[in-house]
Amino acid sequence: MSDPQKEKVHGREKKTGKAPSEASHSLRGKETAGRTKDSISTVSYLDEMGHHDEHPRLAVTMENTYQLGPHKRFPVAAATDILKDVLTSYLQEEKYEVEWSQKMTKTLCEVIRAGIKDLLIPRYKIVVLVHIGQLSGQSMQVSSRCLWDASSDTSASYVIKNSSLFGVANVYAVYYE
């Protein structure tokens, strides 16, 4: 291909964000049925089409920390205090209602998770479970299962009861390397 043709194709690549495919180079010199000598097959780059930044962003390279355990353990006592404060403030004087308890479990989970995140313990994933049920002479067992590293993962729980309902809140802190 001559220099003016290269510049024309290169200019078209810049304007459209398309580059000629490898297959088009082999077909360019041959006469084929339905194709002319000047046809070009193109491949578009979708990831570049949406970005119109004048300054390309530099890729941030992170080095390995080789940290296999937490520098600071998850504070179970502080988490239990948060659970106790939230459950007593929200459930102490309430009566059990089905629709209310469905909404309240979501609210309690969000409030507890925000309180735990305020402790600013790095590299822990937080899972919060809240159960609210009616007290009417029944018994209930709550169990959970997951992969657990006893040296770094931990949990906290708190139970509250009043005359018409019970509330169980569990927080699981799983260390993420």
Q: Would you give the length of the straight line joining atom CH2 of W148 to atom OG1 of T154, rounded to the nearest 0.5 angstrom?
A: 6.0 Å
Q: Establish whether I126 and L120 are linked, either directly or via other cluster members, by ILVMFWY side-chain heavy-atom contacts under 4.5 Å.
A: no
Q) If every non-hydrogen atom of A169 is compared with every non-hydrogen atom of I112, which pair is closest and at what distance? A) CB-CD1, 4.0 Å
Q.
Check for me, please, whether L87 and L129 land in the same ILVMFWY cluster - side-chain distances under 4.5 Å, paths through other members count.
A. no
Q. By the rule that ILVMFWY residues connect when side-chain heavy atoms come within less than 4.5 angstrom, directly or transitively, which residues belong alongside V142?
A. L135, M140, V159, F166, V168
Q: Kindly compute the distance separating NZ (K103) from CD1 (I132), expressed to the nearest 0.5 Å.
A: 13.0 Å
Q. If you round to the nearest 0.5 Å, how far is CE of M104 from CD of E99?
A. 13.5 Å
**Q.** Inter- and intrachain pairs under side-chain hydrogen bond (donor to acceptor under 3.5 Å, both in side chains), touching residues 76-93, at least two apart
**A.** none
Q: May I ask you to decide if the ring planes of F74 and Y124 are parallel, tilted or perpendicular, using 30° and 60° as cut-offs?
A: tilted
(Q) Between Y172 and S144, does the side chain to side chain contact (heavy atoms under 4.5 Å, CB included) criterion hold? Intermediate values first, please. (A) CA-CA 10 Å; Y172 300 98; S144 59; 2.8 Å; yes
Q: Calculate, to the nearest 0.5 Å, the distance between atoms CD1 and CD belonging to I160 and E94 respectively.
A: 10.5 Å
Q | NZ-CZ distance between K72 and R123, expressed to the nearest 0.5 angstrom | A | 15.0 Å
Q: Just do the side chain to side chain contact (heavy atoms under 4.5 Å, CB included) check on L108 and L91 with the steps written out, would you?
A: CA-CA 10 Å; L108 290 175; L91 301 179; 4.1 Å; yes
Q) Got P75 and I121 here, is their nearest side-chain heavy-atom distance under 4.5 Å? A) yes
**Q.** Same apolar cluster (I L V M F W Y, side chains within < 4.5 Å links), V174/V76
**A.** no
Q: Mind listing the closest non-hydrogen atom pair of S163 and K95 along with its distance?
A: OG-NZ, 3.6 Å
Q. If only atom types and distance count, is the side chain of D153 paired as donor or acceptor with the main-chain N or O of Y175 below 3.5 Å?
A. yes
Q.
Strictly by side-chain hydrogen bond (donor to acceptor under 3.5 Å, both in side chains), give each pair with a member in residues 111-122 just once, sequence neighbours left out.
A. none
